[in-house]
2 protein chains.
Amino acid sequence: MKKVLFLFSALLTIALMSSCNGDGKSASGALSAQSAAEKVYVAPGEYDEFYAFMSGGFSGQVSVYGLPSGRLFKVIPVFSVDGEKGYGFNEETKPLLETSHGFVPWDDAHHPELSQTDGRPDGRWLFINGNNTPRIARIDLRSFETAEIIEIPNSGGNHSSPFVTENSEYVVAGTRFSLPIPQKDVAISSYQENFNGSLSFISLDQEEGHMEVDFQILMPGFDYDLAHAGKGNSHGWMFFTTYNSEQSHTLKEVNASQNDKDFIAAVNWKKAQEYIAAGNFQELPANYHVNRFDENSHMATSEVRNTVRVLIPEDCPGLVYYLPTPKSPHGVDVDPSGEYIIGNGKLNADLTVHSFTKMISAIEQQKFDGEIDGIPVLSFDDVMAGTVSSGGLGPLHTEFDGEGNAYTTFFISSEVVKWKLETWEVLDRIPTYYSVGHLMIPGGDSRHPWGKYMVALNKITKDRYLPTGPELAHSAQLYDISGEKMELLLDFPTIGEPHYAQAIAADIIMPNSLKIYPLEENTHPYVAKVESDARVERDGAEVHVYMTTIRSHFAPDNIEGVKVGDKVYFHVTNLEQDWDVPHGFAVLGANNAELLIMPGQTETLLWEPKEVGVYPFYCTDFCSALHQEMQGYIRVSPEGSNVAISATTGE
Amino acid sequence: MKKVLFLFSALLTIALMSSCNGDGKSASGALSAQSAAEKVYVAPGEYDEFYAFMSGGFSGQVSVYGLPSGRLFKVIPVFSVDGEKGYGFNEETKPLLETSHGFVPWDDAHHPELSQTDGRPDGRWLFINGNNTPRIARIDLRSFETAEIIEIPNSGGNHSSPFVTENSEYVVAGTRFSLPIPQKDVAISSYQENFNGSLSFISLDQEEGHMEVDFQILMPGFDYDLAHAGKGNSHGWMFFTTYNSEQSHTLKEVNASQNDKDFIAAVNWKKAQEYIAAGNFQELPANYHVNRFDENSHMATSEVRNTVRVLIPEDCPGLVYYLPTPKSPHGVDVDPSGEYIIGNGKLNADLTVHSFTKMISAIEQQKFDGEIDGIPVLSFDDVMAGTVSSGGLGPLHTEFDGEGNAYTTFFISSEVVKWKLETWEVLDRIPTYYSVGHLMIPGGDSRHPWGKYMVALNKITKDRYLPTGPELAHSAQLYDISGEKMELLLDFPTIGEPHYAQAIAADIIMPNSLKIYPLEENTHPYVAKVESDARVERDGAEVHVYMTTIRSHFAPDNIEGVKVGDKVYFHVTNLEQDWDVPHGFAVLGANNAELLIMPGQTETLLWEPKEVGVYPFYCTDFCSALHQEMQGYIRVSPEGSNVAISATTGE
């Protein structure tokens, strides 16, 4: 038998050799399935190397994947309600979705951005923008939960957001769609007269991560598309792309594509801080919400802010400059050194690279090509460092591997091009399937990229997976970039639109990851920390159930005295203190979702019974061998009934 | 170079041989990572072999995975609203979630069940139960969209559902929690007097798949847990497990675990049809919704049914029998031949196998051990075919490979045990990580299982993946069952709780999968089939926007004359007729989600502007190189303003 096996193995070896060259690749240049399989396989019980945080795009959420396996570990609800987790349904999280427009149950979330220290992703927080009703969310990477959502006033289509500065001093927000600021009833055709853009700088409290709008800059009525912070020498600056410098308001596909060059706006935010400190700003009335979740009370609050500080460029010399950039630039990406500012002109074939040093030199020499609304326009030739003649079409975004190489996506020609910083030469190109938007390299927009992998985030899926009717998942593709040539490893579908993503080494996140919420730190006003605290209290037409849950029963599990028309609040505390023992709670016929309560946490479900009867409630999360027995009843009597409030367990 | 390679390969071969035996497994019995990697890897551009439909459990949705890759292709919204797809938010899908309790935005979905023809999954429809507010949904597997949701009256906790008969004559629903039928205001302590169970048989129209409650059977106030249809000789019967035959109403973890045996209820539904045809039923008043989505109008309707036909066992001899089964049986599974009915007594170590032939024989001989509410109880010894002495603890569910083997999950001992039908001998066992609930073999509950793979659907995840704070994904594990011994291939996390799953060969689904909705077949009342039909019409305080969308603009894209207090309905038709070109639609500040409109489809977003101003709307799904330009504005004037309605594009 062993002899046969040896012969077989030898034959296999020869067969493999005849189809492969030495680096495991076939003659055609594609990786053999075998070695790609091994590179992406994470065996049962082993861990992925990187956390990848992908935006859900139009799902409004963030999804957490492992790399290289492409496995989805968690969908974090951020801007959209999620019945699975009770997010936006339970009383504790509803305030997170309050805005000046009322409760908004959905948004379009584009750019996850990790907090940084010294230009390195530090694993504390993840930020993401809400595009439609302009907001920024902060996710706590200890709990993997949304901790804060701040609304951005005077903004429409918050796309160029929430890119972070080198030490998380700020995250930013730029309006994609200009608006009347403040809003007013004017003809849309008066756009050029009445509409403005705004760039917002949101400061971060370094202990708590709390966000506040520090200041806004009132800008010409262009469309502000994307942004990136300076780093190294260019720390203190923020760069925003613009399009629609034509200031059109209709059929933009034609009307906003007329100018040969639009601009990158370079903002000196340290200069802005000086103007703010000197009082050289306008305090405008505003109305926007700051919503924060408290980890101990397990409750969110929503506060309204009534003013915002606005800087006017023509009153603030040195604050903003425009760098002409062909043509309708989309992404603006800054290389790890901070010297090169890459404009990805989406209707162009070539990439334009600006030099920060040349920009500063031109500013110092006051070499301007005119100005727009008080913003000096620099000369293209004075700031340009080089051009990458890519041979591709439709460049959108660039990231870096920390080895002196840049990787740019081309939407129209559906490929990623690898090129060399400073020589601008193209080193490699590889197709994507299909129509790539962003790409992501772990740490790839920071000062210290991890490199190793590149993920293409594609817009078209078509024939890549088993079909699922007219609607298809969007798709990510994982490439190995550790060698000279890029190698496609894996296609994996994603949740929503994986608009942009960021990744971080797992060992930065893991040590701080919470397993439970300590029950003794629970300060929820309706907590019941021991089963003997479980009770029901009536307060007018409100009924408050202080309920506990532990394997495998609720206390109380028989409730009477509730009447049609009451508002019944089930405040359920999970008494468990072990990792991965959540309990769920649902009651028949609620116009509401479930509760999914982590160990040590309290969550509240509002139920408004409309008909008399006896209704079951039960644990929705299979928790033990007797999970199916984890159930109770609540009796609803008619209005005016004299059935007394009672709450019992096991009686 | 070649020589070096040959030497290297030979050394590798020897190294592999020293750690592996002939079947690719190491001495310890685990598959080598290499061969498991190859078995689950689906190379870019290639297709998975099976579609797996997994319940979302407490997410309320169905998720579609590929096997063997474990990749998630789509989350189909079913019982829970989903802002990403506008499901439950747009006007077209809202009626799907109407119930007798009003609009219910969430449920707990447990058992996906494929329609069958001749006992084979046929790829037409997928059914799934709503547990909390009792319902069954039907998903159309041409579109992968929810086509119908029917509410189940006189039911609480619709868990033993929607198991299908051999030719999709019926799907069923059994109440997990007994209730007063009809509902009334009674003391919970009067349970034994006032509470009943019900078993519902929902007929299926064989052309359209439309569901109607054909009849219900009024049952003793036990808890009805799971079900499976007979097949082959036992076709015409349906089996339901019960627990809580103690009829306790509080602290069930103790009080419902007292009896040594509970029951499997065997229902002769062909006999039921005779009683119905003979008029031997009670027509009871009821109030439940039947909600259907029409593929041509792209709209759902919700209809109310007011009566239900109820059979009373004591009036219907031969309709129902009870088979005593130890102990608190959870799953009831019928082998491919239809002869063996396996009761998984969850507080037991052994499995109980009943014989259909013996059951019929005992019935014919009228050998009963008494009766309960007119239901004859058979004798345990008369119906038992055998016992599987598993050595495990806490058996829950059994599926079959079509080769004469059965596979049973053990929750408490966290393992799957493979055993042989008819000899009842244990052949193999393999651990799960951790606490497996259901398992799934492609076709594994049908007459003709595909076998090959087994998926364990686990309740506890803990240390299997990179941690994501207190909340962890539930987890599936994929095993190769093509050999004598089961082999673990892959851990993959899931959406929600993968409570149960079913899989089907991809080539059954693929040929019928829709790619687009033909525009010429669109009968939506507010469709605009060509751009020249785009317009805005005012009807009192309602404004109807007939909008079209095609790469890369909306028509109209400038709208005026809307006033604060109006209800603005954006009816957006996607004019595209290519696969995978959806467009999205969102407007700033809507207390609503987005629209995600497939080619040829019309969807409607309601927007109620509260403040004057000019608001942007835009396409949320990156559709073309000029997607960022795909945008428009709508002007909101004060109440009483005389700004006239106008709608323009490119003017």
Side-chain angles (χ1 to χ4, degrees), chain A residues 9 13 33 37-38 41 43-44 58-59 73-74 80 83-84 101-102 106 108 132-133 143-144 156 177 183 185 188 250-253 256 394 459 462 465-470 472-473 491 496 506 513-514 552-553 557-558 580 586 589 591 593 598 612-613 616 620 622 625-626 629 633 637 650, chain B residues 9 13 33 37-38 41 43-44 58-59 73-74 80 83-84 101-102 106 108 132-133 143-144 156 177 183 185 188 250-253 256 394 459 462 465-470 472-473 491 496 506 513-514 552-553 557-558 580 586 589 591 593 598 612-613 616 620 622 625-626 629 633 637 650:
Chain A
S9 297
T13 303
E38 285 163 23
Y41 184 68
F58 47 71
S59 87
F73 297 143
K74 182 171 181 174
S80 299
E84 175 186 338
H101 305 275
W106 168 87
D108 180 23
N132 185 50
T133 301
S143 63
F144 283 64
F177 309 125
Q183 275 287 13
D185 176 33
I188 300 168
T250 180
L251 208 62
K252 282 188 181 176
E253 65 174 321
K459 304 300 183 188
K462 274 204 168 133
Y465 307 113
L466 290 178
T468 54
L472 302 173
D491 281 28
S513 192
L514 290 180
S552 299
H553 63 275
D557 72 359
N558 281 195
D580 202 13
N591 307 116
M598 297 299 128
V612 299
T620 53
F622 206 106
L626 291 164
E629 283 74 7
Y633 286 105
S637 300
Chain B
S9 298
T13 302
E38 285 163 23
Y41 184 66
F58 49 68
S59 87
F73 296 143
K74 181 170 181 175
S80 299
E84 175 186 337
H101 306 275
W106 168 88
D108 180 22
N132 185 49
T133 301
S143 63
F144 282 65
F177 309 126
Q183 275 286 11
D185 176 33
I188 300 168
T250 180
L251 208 61
K252 283 188 181 173
E253 65 173 322
K459 304 302 183 188
K462 275 206 165 133
Y465 306 114
L466 291 177
T468 55
L472 302 174
D491 280 29
S513 191
L514 290 180
S552 301
H553 63 275
D557 73 358
N558 282 194
D580 202 13
N591 306 116
M598 297 300 127
V612 300
T620 53
F622 206 105
L626 291 163
E629 283 75 6
Y633 286 105
S637 299

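Computed from a prediction, not measured in an experiment: that's the story for all the values here. Naming: A, B, ... by sequence-line order, numbering from 1 per chain.
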Top contributor to chain A contacts, counting heavy-atom pairs under 4.5 Å, from [options]:
{"options": "B:Thr133, B:Leu251, B:Asn591, B:Leu466", "result": "B:Leu466"}
{"options": "B:Val612, B:Leu472, B:Ile188", "result": "B:Ile188"}
{"options": "B:Gly102, B:Gly156, B:Ser637, B:Ala473", "result": "B:Ser637"}
{"options": "B:Leu626, B:Asp491, B:Asp557, B:Asp185", "result": "B:Asp185"}

Picking from [options], which has the most non-hydrogen pairs under 4.5 angstrom with chain B?
{"options": "A:Pro616, A:Ser513, A:Ser552", "result": "A:Ser552"}
{"options": "A:Pro470, A:Gly613, A:Gly469", "result": "A:Pro470"}
{"options": "A:Met598, A:Lys74, A:Lys462, A:Glu253", "result": "A:Glu253"}
{"options": "A:Ala506, A:Pro467, A:Ala625, A:Ala593", "result": "A:Pro467"}

Item to check | B:Trp106 side chain to B:Phe58 backbone, donor-acceptor under 3.5 Å | outcome: yes
Rounded to the nearest 0.5 Å, what's the gap from [atom1] on [X] to [atom2] on [Y]? Could you check?
{"X": "A:Thr468", "Y": "B:Leu514", "atom1": "OG1", "atom2": "CG", "value": "11.0 Å"}
{"X": "B:His553", "Y": "A:Lys252", "atom1": "NE2", "atom2": "NZ", "value": "14.5 Å"}
{"X": "A:Lys459", "Y": "B:Asp580", "atom1": "NZ", "atom2": "CG", "value": "12.0 Å"}

Next on the checklist: Let's go through A:Asp108 and B:Thr620 carefully: what are the C-alpha distance in whole Å and the side-chain angles of both, what is the deciding distance for side-chain hydrogen bond (donor to acceptor under 3.5 Å, both in side chains) to 0.1 Å, and is it a yes or a no?
Outcome noted: CA-CA 7 Å; A:Asp108 180 23; B:Thr620 53; 5.6 Å; no
Checklist entry - Looking only at heavy atoms, which two atoms of B:Ser59 and B:Gly496 are closest? And how far apart? => result CB-CA, 4.1 Å
Checklist entry - Side chain, backbone, both or neither: which part of A:Ser80 has an atom under 4.5 Å from a heavy atom of chain B? => result neither
Checklist entry - Do the side chains of B:Phe177 and A:Tyr633 get nearer than 4.5 Å, heavy atoms only? => result yes
